[in-house]
Amino acid sequence: MRTPMEVWNDLKANMRKEWKVAFWTVFLLGLMIHFPVIAGDFPNHDGLASMYFDQNMITSGRWFLTVACGFSSYFSLPWAIGLLSLFFLSIGAAALIEFLEIKNEPGIILICGLLVSFPALASTYAYIFTADGYMFALCLVFLAVTVTKKSDWGFIPGGICLAFSMGTYQSYLSFAILLSMYGCLMVFFSENSLKKKVNGILRYLYMGLIGVGLYYVILQVLLKVQGRELDTYQGINGMTAGGSLPFSEKLWNLYGDFFAFTGNGNVLYNNMISFAAFGVLTIAAFILLMRFVVRRGYFRKWYFYLICLLTILVVPAAFNVILLISPEVTYHLLMRYQWCLLPVLMLAFMLRYGFGQTELSGQFSPLHRRDPQVLKKPSVISNIVLQWGVVLGGFILVFNYGVTDNIAYSNLQKKYEKTYAYCLRLTDRMEQTRGYYTGIPVAMIGVQNKENLPETDITGALTGNMIGMSGDYLIYTDTNYQAFMKHYLGVTINLVPDEEMERIYGTKEYQELKSFPEENSMKVVDGILYIKTE
């Protein structure tokens with residue numbers, strides 16, 4: 001039996017430098033970018049009801065989420081959850097770098113920077129109470145494709161990892177599909193033997209089949225054990241049936257959504273600078289791809305054009321696989337984290353096959369030492385220009401994403417503070433209403449009258465697609481008021497049942513009330529406090 005120190009020394013000896021760079025880039029840069037939301041306590045509308053939540057989401061198909069979120073307890077603890085989520089993402093980043101076979105440090109830093117700064121992660125942190133579970137799921141996806149690639153039988157543990165990832169959050173299945181597709185292309189480029197090509201590609205297929213099959217079997221068993229059924233929310237109950245839409249309409253929606261979000265989603269780029277940076281990466285990747293194809297003579301092979309056609313057709317489906325499985329889903333930014341793979345995989349290809357592993361690490365210089373005139377050659381000059389374009393383009397995107405995240409966090413904080421001030425005024429008015437007492441039944445709808453409130457959100461152009469971040473206030477329903485006042489003001493709101501509220505809403509007494517904050521917006525009727533906010 002080995003001692004803890006022996007195990008530790010073994011880990012240190014076998015830990016590659018690129019893994020360490022990836023881990024610390026994600027962890028430290030993640031702390032710098034996401035510190036406001038991790039160190040603060042600014043819930044969104046869902047967070048108000050999740051101050052303590054056991055995350056038993058089996059009716060949404062997430063049978064492992066309760067375990068994945070259990071490490072940090074089921075309390076909403078932004079600092080603990082934030083650190084744990086970054087830890088999981090950092091491990092996943094190290095696995096991703098190993099999968100992509102990136103060796104040079106600048107490339108690792110850029111790829112990890114894109115991963116940890118992408119705005120979809122900021123939207124995830126708006127739902128901080130579940131962020132550690134989601135990052136655990138993403139880590140499992142990165143581990144799944146890596147172990148599948150590294151071993152002939154790696155598809156077995158890879159499939160198990162994928163099943164547990166889907167059991168935590170199904171949307172990251174797109175990561176597995178896209179990375180598996182890239183892995184298949186790597187096999188195609190790297191192996192000369194047809195048998196090795198076929199075996200390498202089949203491993204990813206086996207991993208996917210095992211993962212999805214195991215996920216489904218465990219889900220059905222646990223549903224039976226708990227005596228529950230899949231929920232209707234987001235079309236989850238139609239997941240296995242594929243929904244009610246015709247297949248042709250699903251494809252139309254899928255491709256339309258992909259091109260609409262990629263071209264005008266205001267996330268991949270949201271200003272001219274980020275658009276130019278993304279354009280530089282795209283153009284550089286295309287140039288290097290063409291050079292790579294010509295040098296290896298793939299343009300002479302008929303199957304090269306078949307692969308290109310299949311890739312173009314399948315990529316949008318891979319990004320939007322959830323729309324194929326559950327067409328009725330409301331597809332928000334939390335579920336679009338896989339779009340970060342567009343710049344990530346472009347960079348990975350350029351580093352692995354375009355420039356070579358050593359050039360961005362500064363080891364291109366021996367050519368210069370042998371022959372200073374080499375700098376005058378057009379091929380060398382164009383290569384250096386492309387390298388600078390890729391590095392600067394990647395850096396600008398990371399910086400822009402980080403700034404966008406913090407703009408969203410700033411608005412989230414302001415939403416909290418405006419909601420606090422609004423509810424404090426509302427509470428003061430309640431307590432001054434004749435007949436009020438603590439615990440009095442309250443009849444309210446909860447929708448705010450925006451005409452009586454100034455519009456103060458100036459971030460809408462940037463945060464419009466960042467669910468949980470945009471808008472002026474956290475509250476939309478009577479239960480939002482109830483939760484916010486309970487947890488942040490220490491005020492009890494005893495809401496009447498929904499059936500009773502439907503009756504009260506149509507009464508003359510309720511209809512005659514003015515809308516808060518106007519005078520006569522509250523009144524006690526038959527022992528019930530009527531509050532009109534809408």
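Just so you know, these numbers use all the heavy atoms, side chains as well, and skip hydrogens, waters and symmetry mates.
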Does a side chain donor of either [X] or [Y] reach within less than 3.5 Å of an acceptor in the other side chain?
{"X": "S165", "Y": "Y215", "answer": "no"}
{"X": "N270", "Y": "T404", "answer": "yes"}
{"X": "S72", "Y": "D132", "answer": "yes"}

Min side-chain heavy-atom separation [X]-[Y] under 4.5 Å:
{"X": "R336", "Y": "D257", "answer": "yes"}
{"X": "N400", "Y": "I273", "answer": "no"}
{"X": "L334", "Y": "I467", "answer": "yes"}
{"X": "C69", "Y": "T130", "answer": "yes"}
{"X": "L268", "Y": "F118", "answer": "yes"}
{"X": "T459", "Y": "S470", "answer": "no"}
{"X": "F136", "Y": "Y169", "answer": "no"}
{"X": "Q448", "Y": "I475", "answer": "yes"}

### Message
Check K414 with E417, please: is the shortest side-chain N to carboxylate O separation under 4.0 Å?
### Response
no

Could you tell me which residues satisfy ring-ring contact (aromatic ring centres under 6.0 Å, His included) with [X], sequence neighbours excluded, listed by chain and number?
{"X": "F261", "result": "W339"}
{"X": "F99", "result": "none"}
{"X": "Y505", "result": "Y510"}
{"X": "F75", "result": "Y52"}

Which pair of heavy atoms, one from [X] and one from [Y], lies closest together, and at what distance?
{"X": "A318", "Y": "M181", "answer": "CB-SD, 4.0 Å"}
{"X": "S123", "Y": "L333", "answer": "OG-CD2, 3.5 Å"}
{"X": "Y172", "Y": "T124", "answer": "OH-OG1, 4.5 Å"}
{"X": "V116", "Y": "G30", "answer": "CG2-CA, 3.6 Å"}
{"X": "V267", "Y": "N465", "answer": "CG2-CB, 4.2 Å"}

### Query
How far does CZ of F129 sit from OG of S50, to the nearest 0.5 angstrom?
3.5 Å

More than 12 non-hydrogen atoms from neighbouring residues, nucleotides or ligands closer than 6.0 Å to [atom1] on [X], yes or no?
{"X": "N264", "atom1": "CG", "answer": "no"}
{"X": "E229", "atom1": "CD", "answer": "no"}
{"X": "I458", "atom1": "CD1", "answer": "no"}

Test item: [X] side-chain N/O and [Y] main-chain N/O as donor-acceptor pair under 3.5 Å:
{"X": "T66", "Y": "D54", "answer": "yes"}
{"X": "N411", "Y": "M469", "answer": "yes"}
{"X": "R429", "Y": "P517", "answer": "yes"}
{"X": "Y401", "Y": "G113", "answer": "no"}

Examine [X] together with [Y] and report whether their ring centres are nearer than 6.0 Å.
{"X": "Y255", "Y": "F258", "result": "no"}
{"X": "F516", "Y": "Y422", "result": "yes"}
{"X": "Y125", "Y": "Y409", "result": "no"}
{"X": "F275", "Y": "F278", "result": "no"}

### Query
Which pairs with one or both residues in residues 427-467 pass ring pair (Phe, Tyr, Trp, His ring centres under 6.0 Å), sequence neighbours excluded?
none

### Sole residue of Y420, Y416, Y481, F42 in ring-ring contact (aromatic ring centres under 6.0 Å, His included) with Y488
Y416

### Task
Could you note down all residue pairs passing salt bridge (Lys or Arg N to Asp or Glu O under 4.0 Å) where residues 466-479 supplies at least one of them, sequence neighbours left out?
K418-D472

